[in-house]
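Presented below is the structure to which this report refers.
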There are 2 protein chains.
Amino acid sequence: MNDADASPGFLQSFARGLAVIRAFGKNTPAMTLSQAAARTGLTRANARRILLTLLELGYVEQDGRLFRLRPKILDLGYSYLSSLSVGAIAQPIMEDMVLRVKEPCNLAMLDGTEVIYVGRVAAKQIVRDDLGIHIGRRFPAYTTSLGRILLGGLSPAALDRYFNEAQLVPLTPRTITDPEKLRAAIKRDHDRGFSYVKQESGERCSIAVPVTDNNGIVAALGIGWYAGVRADDEFRDSLLPELLGAAREVSNTLRQVR
Amino acid sequence: MNDADASPGFLQSFARGLAVIRAFGKNTPAMTLSQAAARTGLTRANARRILLTLLELGYVEQDGRLFRLRPKILDLGYSYLSSLSVGAIAQPIMEDMVLRVKEPCNLAMLDGTEVIYVGRVAAKQIVRDDLGIHIGRRFPAYTTSLGRILLGGLSPAALDRYFNEAQLVPLTPRTITDPEKLRAAIKRDHDRGFSYVKQESGERCSIAVPVTDNNGIVAALGIGWYAGVRADDEFRDSLLPELLGAAREVSNTLRQVR
DNA sequence: CTGAGTTTGTGCGATATGCGAACAAATATT
DNA sequence: AATATTTGTTCGCATATCGCACAAACTCAG
């Protein structure tokens, strides 16, 4: 975080505080204050003030020298989720669909160059999923069907910015990383109203469709499963009407609400 | 937020910034900067600096005069969820159980005088659930079976503090609000290893059991359903072995991990 | 148990940050 | 078009925040 670049009125203390919250994670469920300073590039005294402020506000707890985030931190994300009408509208519709199709369903939005899950309905799967799939989880947009749908909803200028910023790294031998091929895939998926991606970010297939409001694509709705466990192409074909129906129902309700 | 009471080293700017994030919610998905100032008691100039800092960091977006939280804010809660081993361990076990029992299952922790959901698996229900049930959602502890289980895991001193702080307001005619009766119910539930609550916070029944690690109760696992739609007591009896089995599986894994 | 190394807590002086007020500019409403 | 309301900007000021240095506490190896 380059303080010198901040604009006037930018609150550096606040920004530093948020950086400390972000420093917690799967690999660092707890941190000492020296670790917090190291991970954020702050001075130890500063990291200490931030952690003590979080402690006083109830967002962290202290266990000897270790600080851990407390459930109250979920209030911050909950502010967003509870304000997200597409999430509230989609949730029961996703639940109905998952019952029929027996695969987990996700709702995602674009955030920078990544997709971020804002809704999820789990389901029994033949092979156990990555246990870390949560609301808030992120994936590179280009490697997922959800991401391609969302990228397809960008204006040309925004799509150009995406390609300027995204680093198209192959995650599997099948990952499309050539920008022209990726643009073509995004356009094709946009035109045909769905995206199907097979083994570009792991050993999974996924299919996704757009969710729209009066202004355009606001989210993507998708289903993913492990490749090869079933007849993938036939399964995709059976899922598509379900997804399109669910997405249409969500989109229709969104247009009425706003 | 009474600035004058803050301890030395307490970072007021950071605390104010977090207050602005919390001001967003279901009823205020978007705010102007005057509204943000009004809702947080800050000056307009201050609220503006905070919102512009969040804008620059990518946590909010601006639409004319309106500011809205962006999905990136989920990163803050995700820091916590991804660090929460009980959540990761419980999720697949909950998914398996929900498939068998056909009712939604929740994992909750105690936070102040409330329970907060840290895990949830949805299911098809006969009657549509409150659409707003998300991770991060809170309920008064005393009115829920999850809450009674968690209160039962408190030390006597901590339980006394709970009773000092909690406001035991009747939410339905069945809500237990007499402190002595509530203490007795908590103890009974702790002793018998499950809690069953019927229509104390709405028209729902719920049953919950403890999840423990080496230090004691860390979470509660529960199932809830609308009262009267089925034979509630018989259903509870059929659910209990399922919940106990799932909770035992989670608890056993927790003990191995730490 | 001791000593060395590491980490945290504390106090203090300096100053950069954050603040609020006042007024200009822009927007919304009637 | 006029008025009311809200937002943007600038500036001076106060203090909140900062970093440093040293004390205190803790951890670890022998």
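- A sub-4.0 Å separation between OP1 or OP2 of C:dG20 and a side-chain N or O of B:N46 is present.
- Distances were taken from every side-chain heavy atom of A:Q12 (C-beta onward) to each of D:dC22, C:dC23, C:dT17; the shortest belongs to C:dT17.
- Between B:F10 atom CZ and D:dA16 atom P the separation is 12 Å, expressed in whole Å.
- To the nearest angstrom, P of C:dT7 lies 16 Å from CG of A:L51.
- Here C:dT7 presents its C1' atom at 18 Å from CZ of A:R39, a figure rounded to the nearest Å.
- Closest-nucleotide positions on DNA chain C for A:S13 and A:R44 were compared, and the one nearer the 5' end corresponds to A:R44.
- In this structure, the CG atom of A:L42 is 13 Å from the C1' atom of D:dT17, given to the nearest Å.
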- Derivation of the ring pair (Phe, Tyr, Trp, His ring centres under 6.0 Å) call for B:F139 and B:Y117: CA-CA 9 Å; B:F139 293 93; B:Y117 283 9; 5.5 Å; yes
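- One N or O on the side chain of A:S251 and one on the backbone of A:T212 form a donor-acceptor pair closer than 3.5 Å.
- Considering only side-chain N and O atoms, B:T32 lies nowhere under 4.0 angstrom from the phosphate OP1 or OP2 of D:dT6.
- Atom CD in B:Q35 sits about 9 Å away from atom P in D:dT6, given to the nearest Å.
- Under the 3.5 Å distance criterion, the side-chain polar atoms of A:R44 are left unmatched by any main-chain donor or acceptor of A:L33.
- In this structure, A:R49 is not positioned above the aromatic face of B:F10 in the sense of NZ or CZ being under 6.0 Å from the six-membered ring centre and within 45° of the axis.
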Dump the pairs, protein N or O against N or O of nucleotides 23-28 of chain D, anything under 3.5 Å, distances to one decimal.
residue	atom	partner	partner atom	Å
D:dC26	O4'	A:R65	NH2	3.2

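- Checking side-chain atoms of A:E56 against main-chain N and O of A:G58 turns up no donor-acceptor pair under 3.5 Å.
- B:F14 places its CZ atom 18 Å from the P atom of C:dT17, with the value rounded to the nearest Å.
- One interatomic measurement links the two molecules: CZ of A:R16 to C1' of C:dT17, which rounds to 9 Å at whole-angstrom precision.
- Taking the side chain of A:Q62 as heavy atoms from C-beta on, and the options C:dA21, C:dG9, D:dG8, the nearest nucleotide is C:dG9.
- Under the 3.5 Å distance criterion, with hydrogens and angles disregarded, no donor-acceptor pair is assigned to the side chains of B:N164 and B:R161.
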- Go through the steps for B:C105 and B:L221 under the test side chain to side chain contact (heavy atoms under 4.5 Å, CB included), then give the verdict. CA-CA 7 Å; B:C105 178; B:L221 189 65; 3.8 Å; yes
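- In this structure, the CZ atom of A:R49 is 13 Å from the C1' atom of C:dA16, given to the nearest Å.
- B:R48 has a side-chain polar atom (N or O) that falls below the 4.0 Å cut-off from OP1 or OP2 of D:dG8.
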